[in-house]
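Read the numbers this way: they start at 1 and go in the same order the structure lists the ligands and their atoms. What you are looking at is a predicted structure, and each value in this text was computed from that prediction instead of being measured. We number each residue from 1, following the sequence as shown. Heavy atoms only: backbone and side chains are in, while hydrogens, waters and symmetry mates are out.
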Amino acid sequence: MSNTLYIDGRWESAQLGETKEIRCPADGTVVGTVATGGVQDVDVAIDAAKNAFSSRVWSDASGEDRGEFLDRVARTLEDRLDEFAKAEALDTGKRFVEAQIDIKDVVACFKYFARSARGDAGRVIDAGDPRVLSRVVYEPVGVCALITPWNFPLLQAAWKVAPCLAAGNSLILKPAEITPHTAILLFDVFDQLGLPEGVANLVLGAGSTVGARMSEHPDVDLVSFTGGLPTGQRIAAAAAKTVKKLALELGGKNPNVIFADADREAALDNALNAGFMDSGQVCSAGTRLIIEESIAEEFVNELVERAQQIRMGGPFDPAAETGPLVSAEHRDSVSEYVRRGLAEGARLRCGGGWGREEHSSGFFFEPTILDQCQRGMSVVTDESFGPVITVETFGTEQEALDIANDTDFGLAGAVWTSDQGKAHRMSRLLRHGTIWINDYHPYLPQAEWGGFKRSGIGRELGHSGLDEYREAKHIYQNTEPTVTGWFSKSS
Ligand code: NAD
């Protein structure tokens, strides 16, 4: 299947004819062959998006119609849920049951933005003058370039595509090159449901060519990117040349703070989940365990025991509890990260290896715990994006706060305590975009998601997630024009 670029309402192969084999990270089997686009394909797709936007075929559709379209997308995804989940599981290597949850979240995202599309038409302002009609209206930004990563391929795309369409824009989506299949299926749904030509375009290909061209192209009005910090910095620099609107969802180094008075069983179970879900390939993973000294030794001993029992396996292995890393390169980078930590003085409590013989055909990495970690060590400051939990300890609430805020990132974090006052104080003082109290990982499409500091710019989901894709315009109308007399009239 190499007609996998969707441009101006048609399935196309890449102009240069290049293709790429996609392999399942769990066992290396080929799961498909897709087109690899280039700069030429991007330029044609951007032209199509620009023409669609200029025609106003989508931006002038009523909010009701746009909402109805997004609802139909959600219903179709629900009907085809297992087909999408299977494609996601094969591309990423994650368990099929986890992929099913991801696709359900995609459905919820489309439903939420279907409601938003129908909602807010702007607001009337009291100008303090009965002759004046003043109102703020929201308009689509224009042509949007959406660039997404491989860890939750369709979900990260949905967080952008759904609000982008809800607001009336045209778009070009570029998913990560190694996980393209659910994006192709989504565009199949758009095609079947009759989205007007050129409104949504799909260009597959490398970040350094396709992504870079999308970020610099003068006809792109907005770039929304989810991925790593270095790529985000490159995109921001490219987008700055023509002052594009920019939304960046970048990495995290997320603290999971556990006080001695926390519900121990729940804190322990969730600490595993925080760090090892999806093999730690989660931007908000709680891989920085910050635990009160008085309970640290016993808690970490039990955490290590539980981590050693986690069963790794492929997408359809019913005994598996977690899957592989996404690629050999990524596994090498996680291995190197652990090696650096050990060289800096961290102690390996469990993991660090690539699993048993049965895991050798995939890119598995064992759940790993490093204790005796200190602020300033690279394993504490850098994101591994793998299943590696580092352990730091604290004596006082202030110390816990200082450690948890001592990061260049600011995406998410959690506090575990039975003291409501402490929970509230910590939640307000932690400099991260999402704070969980006595929980880890849940999010809601109605609530904003995004980071402080180097975790990004802007917010996805919630009201702000729609606003990223809209321009606010103030219309001030004087119903009784008069002479101002500001300048004197020469006689
Ligand atoms: P990445 O930055 O390598 O790639 C992300 C996307 O950017 C891919 O589609 C890639 O092809 C493209 N890209 C690469 N170079 C580019 C360039 N020069 N110009 C334009 N596009 C380019 O990230 P990744 O390895 O795919 O994903 C992992 C990172 O994503 C982690 O740092 C993780 O924390 C972050 N992430 C953040 C969130 C969030 O919500 N904040 C969510 C998921 C992942």
Protein heavy-atom partner closest to atom 11 (O) of ligand 1 - residue, atom, separation in Å:
Glu177 OE1, 2.6 Å
Please identify which atoms of ligand 1 are closer than 4.0 Å to at least one heavy atom of Asn151.
43 (C), 44 (C)
Heavy-atom distances under 4.0 Å are what count here, so tell me which part of Glu249 touches ligand 1: side chain, backbone, both or neither.
both
Give the atom numbers and elements of ligand 1 that come within less than 4.0 Å of a heavy atom of Arg234.
18 (N)
Pull out every atom of ligand 1 sitting under 4.0 Å from any heavy atom of Thr226, numbered as shown with elements.
5 (C), 36 (N), 37 (C), 38 (C), 39 (C), 42 (C), 43 (C), 44 (C)
Can you name the one residue among Lys244, Lys50, Arg213 that meets salt bridge (charged side-chain N to carboxylate O under 4.0 Å, His left out) with Asp219?
Lys50
Salt-bridge contact Glu460-Lys160 (side-chain N to carboxylate O under 4.0 Å)
yes
Where ligand 1 meets Ala212 - atom numbers and elements under 4.0 angstrom, heavy-atom basis:
19 (N), 20 (C)
Should the pair Arg375-Asp402 be classified as a salt bridge under the 4.0 Å nitrogen-to-oxygen rule?
no
What residue and heavy atom of the protein are closest to atom 32 (O) of ligand 1, and at what distance?
Glu383 OE1, 2.7 Å
Among the heavy atoms of Pro175, does any lie under 4.0 Å from an atom of ligand 1?
yes
Distance-minimising heavy-atom pair for Leu173 and Ala183
CD2-CB, 4.1 Å
Considering all heavy atoms of both residues, which atom of Ala26 and which atom of Pro315 are nearest to each other, and what is their separation?
CB-CD, 3.6 Å
Closer than 4.0 angstrom, basic N to acidic O: yes or no for Glu468 and Arg459?
no
Is it true that Thr407 and Lys253 share a donor-acceptor pair across their side chains at a distance under 3.5 Å?
no
Val210, portion touching ligand 1 at heavy-atom distance under 4.0 Å
neither
If you scan protein heavy atoms around atom 41 (N) of ligand 1, the nearest is Leu250 O, 2.7 Å
Return the minimal non-hydrogen interatomic distance between Pro255 and Ala412, and the atom names on each side.
CD-O, 3.3 Å
Could you tell me which non-hydrogen atom of Ala45 sits nearest to which non-hydrogen atom of Ile7, and how far apart they are?
CA-CG2, 3.7 Å
Is the closest heavy atom of Gly456 to ligand 1 under 4.0 Å?
no
Measure the distance from atom 3 (O) of ligand 1 to every protein heavy atom, then report the residue, atom name and distance (to 0.1 Å) of the closest one.
Thr231 OG1, 3.8 Å
Contact atoms of ligand 1, heavy-atom distance to Pro149 under 4.0 Å
26 (O), 27 (O), 43 (C), 44 (C)
Rounded at 0.5 Å granularity, tell me how far CD1 in Ile172 sits from CD1 in Ile46.
5.0 Å
So is Ala176 in contact with ligand 1, going by heavy-atom distances below 4.0 Å?
yes
With Trp58 via ring pair (Phe, Tyr, Trp, His ring centres under 6.0 Å) - residues at least two apart:
Phe69
For Ile235, the ligand 1 atoms with a heavy-atom partner under 4.0 Å come out as 19 (N), 20 (C), 21 (N)
Would you tell me which option among Gly228, Gly205, Ala285, Gly433 has the nearest heavy-atom contact to atom 23 (O) of ligand 1?
Gly228
Taking a cutoff of less than 4.0 Å between a non-hydrogen atom of the residue and any ligand atom, is Phe225 in contact with ligand 1?
yes
Spacing of Ser327 atom OG and Arg23 atom CZ [to the nearest 0.5 Å]:
13.5 Å
For ligand 1 and Ser215, I'd like to know whether there is a polar contact (N/O to N/O, distance under 3.5 Å).
no
Decide yes or no on ring pair (Phe, Tyr, Trp, His ring centres under 6.0 Å) for Trp11 and Tyr6, but give the supporting numbers first.
CA-CA 5 Å; Trp11 289 104; Tyr6 188 77; 4.8 Å; yes
Distance from atom 20 (C) of ligand 1 to nearest protein heavy atom, with residue and atom
Gly211 C, 3.2 Å
Would you check whether Gln156 has a nitrogen or oxygen atom less than 3.5 angstrom from a nitrogen or oxygen atom of ligand 1?
no
Students should be able to answer this: which protein heavy-atom is nearest to atom 33 (C) of ligand 1, and at what distance?
Phe385 CE1, 3.2 Å
When you measure from atom 25 (O) of ligand 1 to every protein heavy atom, which one gives the shortest distance, and what is it?
Trp150 NE1, 3.0 Å
Could you tell me whether Arg311 and Asp317 make a salt bridge, using a distance below 4.0 angstrom between a side-chain N and a carboxylate O?
no
For Trp449 and ligand 1, answer yes if some heavy atom of the residue is under 4.0 Å from a ligand atom, otherwise no.
yes
Checking the N or O distance criterion of under 3.5 Å, is ligand 1 in contact with Ala206?
no
Looking only at protein heavy atoms, what sits closest to atom 12 (C) of ligand 1 is Ile147 CG2, 3.7 Å
With sequence neighbours excluded, tell me which residues meet ring pair (Phe, Tyr, Trp, His ring centres under 6.0 Å) with Tyr440.
Trp436
